[in-house]
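Structure first, then comments.
For this chain, numbers begin at 1 and follow the sequence in order. Side chains are part of it too, since the values below use all heavy atoms of this structure and drop only hydrogens, waters and symmetry mates.
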Amino acid sequence: GIEWLLNSNSNQLINSRLFNNGDFGLRISGWSNIYPSDNKVYNNYFFNRNNVEINTPNTITNEMSTNIDCISGPNIIGGSCIGGNFYSKIDGSGFSDHCTEALPQPGVCDEPNEFHDNAIDNYPLKNGQNTAFISVLSDDDTNYNNGHSFAPSIAVDASNGHIHVV
């Protein structure tokens, strides 16, 4: 993953896909009263066991969305709002996997994803297009193909929506 430490200030992480990283997708942390601040993180696709870890005091600001109304345009998952980030996990327990979709803003969660008082994603993305995202992993969560080409057969059971990879 990506880690911003100490004086890592005024960085931007935009339009990125952070998939299957070991401990985290993004970690922002510091110590001894030196913390990263004023970083902007939006329109990213997080798919990790721990997507975002923020270890800063509540008084330090790190923007996790555009912090304005959604900007019209295609986002990282194909929706019409560029604003926040998409947070998914392989077991389906990511924030974006289970949030309720906002109306009249389709493709955006009703509630913000709050990491702490000054690190809030006001516009977390919701996959409202019934699209399945598939990642094939080995038993130890490393990439299945290990650098070799791999073409799985994928079947969707229409009766229950379960996806089978052969």
Side-chain angles (χ1 to χ4, degrees), residues 1-5 8-29 36-56 60-116 118-137 141-145 147 149-152 154 156 161 163 165:
I2 296 173
E3 186 167 22
W4 290 334
L5 297 170
S8 297
N9 301 325
S10 303
N11 295 296
Q12 293 187 359
L13 180 62
I14 305 168
N15 303 326
S16 297
R17 297 175 192 275
L18 292 94
F19 284 17
N20 300 324
N21 291 290
D23 294 333
F24 52 84
L26 173 65
R27 179 186 289 160
I28 302 174
S29 61
S37 66
D38 302 315
N39 296 297
K40 293 186 184 217
V41 180
Y42 65 93
N43 203 38
N44 299 291
Y45 190 131
F46 291 97
F47 186 76
N48 305 280
R49 280 194 183 140
N50 184 11
N51 284 316
V52 177
E53 181 180 305
I54 299 180
N55 299 316
T56 63
I60 304 295
T61 299
N62 286 289
E63 293 179 31
M64 297 305 293
S65 64
T66 57
N67 214 23
I68 57 172
D69 288 337
C70 283
I71 300 166
S72 181
N75 63 33
I76 194 88
I77 60 167
S80 60
C81 166
I82 298 173
N85 302 287
F86 187 75
Y87 306 92
S88 187
K89 292 186 177 184
I90 195 164
D91 65 359
S93 67
F95 187 87
S96 296
D97 295 326
H98 62 80
C99 71
T100 321
E101 198 168 2
L103 294 174
Q105 195 116 40
V108 177
C109 298
D110 276 337
E111 299 293 323
N113 190 359
E114 298 184 26
F115 301 97
H116 68 54
N118 282 309
I120 301 170
D121 187 337
N122 291 307
Y123 305 102
L125 302 176
K126 168 75 175 167
N127 182 10
Q129 289 116 15
N130 296 321
T131 304
F133 296 96
I134 299 171
S135 178
V136 179
L137 303 174
D141 283 345
T142 57
N143 289 333
Y144 184 83
N145 63 0
S149 49
F150 176 72
I154 300 169
V156 179
I163 297 171
V165 179

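Residue Asn122 holds its CG atom at 11.0 Å from CD of Glu111, rounded to the nearest 0.5 Å. Within the model, atoms OH of Tyr123 and CD1 of Ile82 stand 13.5 Å from one another, a figure rounded to the nearest 0.5 Å. Once rounded to the nearest 0.5 Å, the distance linking CD1 of Ile28 with CH2 of Trp4 reads 5.5 Å.
A donor-acceptor pair under 3.5 Å links the side-chain atoms of Asn9 to the main chain of Ser37, judged by distance alone. A distance-only check finds a donor-acceptor pair linking the side chain of Asn75 to the backbone of Ile77 [under 3.5 Å]. Judged purely by atom type and a 3.5 angstrom limit, Asn21 has no side-chain atom pairing as donor or acceptor with the backbone of Asn48. In this structure a side-chain-to-backbone donor-acceptor pair under 3.5 Å is present from Glu101 to Gly107.
Looking at Leu5 and Ser29, their side chains come closer than 4.5 Å, going by heavy atoms from C-beta outward. Counting only heavy atoms from C-beta outward, the side chains of Ile14 and Lys40 never approach each other to under 4.5 Å. Looking at Ile76 and Arg17, their side chains come closer than 4.5 Å, going by heavy atoms from C-beta outward. Taking 4.5 Å as the limit, every side-chain heavy atom of Val52 sits out of range of all side-chain heavy atoms of Phe95. Between Leu125 and Asn43 there is a side-chain heavy-atom pair separated by less than 4.5 Å.
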- [ ] Please lay out, stage by stage, how Phe86 and Phe47 fare under the test ring-ring contact (aromatic ring centres under 6.0 Å, His included).
- [x] CA-CA 8 Å; Phe86 187 75; Phe47 186 76; 8.8 Å; no
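The heavy-atom pair separating Gly83 from Cys70 by the smallest distance is CA-SG, 4.5 Å. Nearest heavy-atom pair across Ser96 and Cys109 is CA-SG, 4.4 Å. The minimum heavy-atom distance between Val108 and Cys81, with the atom names listed, is CG2-SG, 3.7 Å.
Side-chain contact check for Ser88 and Asp97: at least one donor-acceptor pair (N or O, by modelled atom type) lies under 3.5 Å. With 3.5 Å as the limit, one finds a donor-acceptor pair spanning the side chains of Asn11 and Asn39.
A salt bridge (Lys or Arg N to Asp or Glu O under 4.0 Å) check over residues 18-29, counting only residues at least two apart or in different chains, returns the pairs Glu3-Arg27, Arg27-Glu53.
Not counting sequence neighbours, the partners of Ser93 by the side-chain hydrogen bond (donor to acceptor under 3.5 Å, both in side chains) test are Asp91. Remark: Asn44 engages Asn85 in a side-chain hydrogen bond (donor to acceptor under 3.5 Å, both in side chains) (not counting sequence neighbours).
Ring pair Phe46/Tyr87 is parallel by interplanar angle, where below 30° counts as parallel and above 60° as perpendicular.
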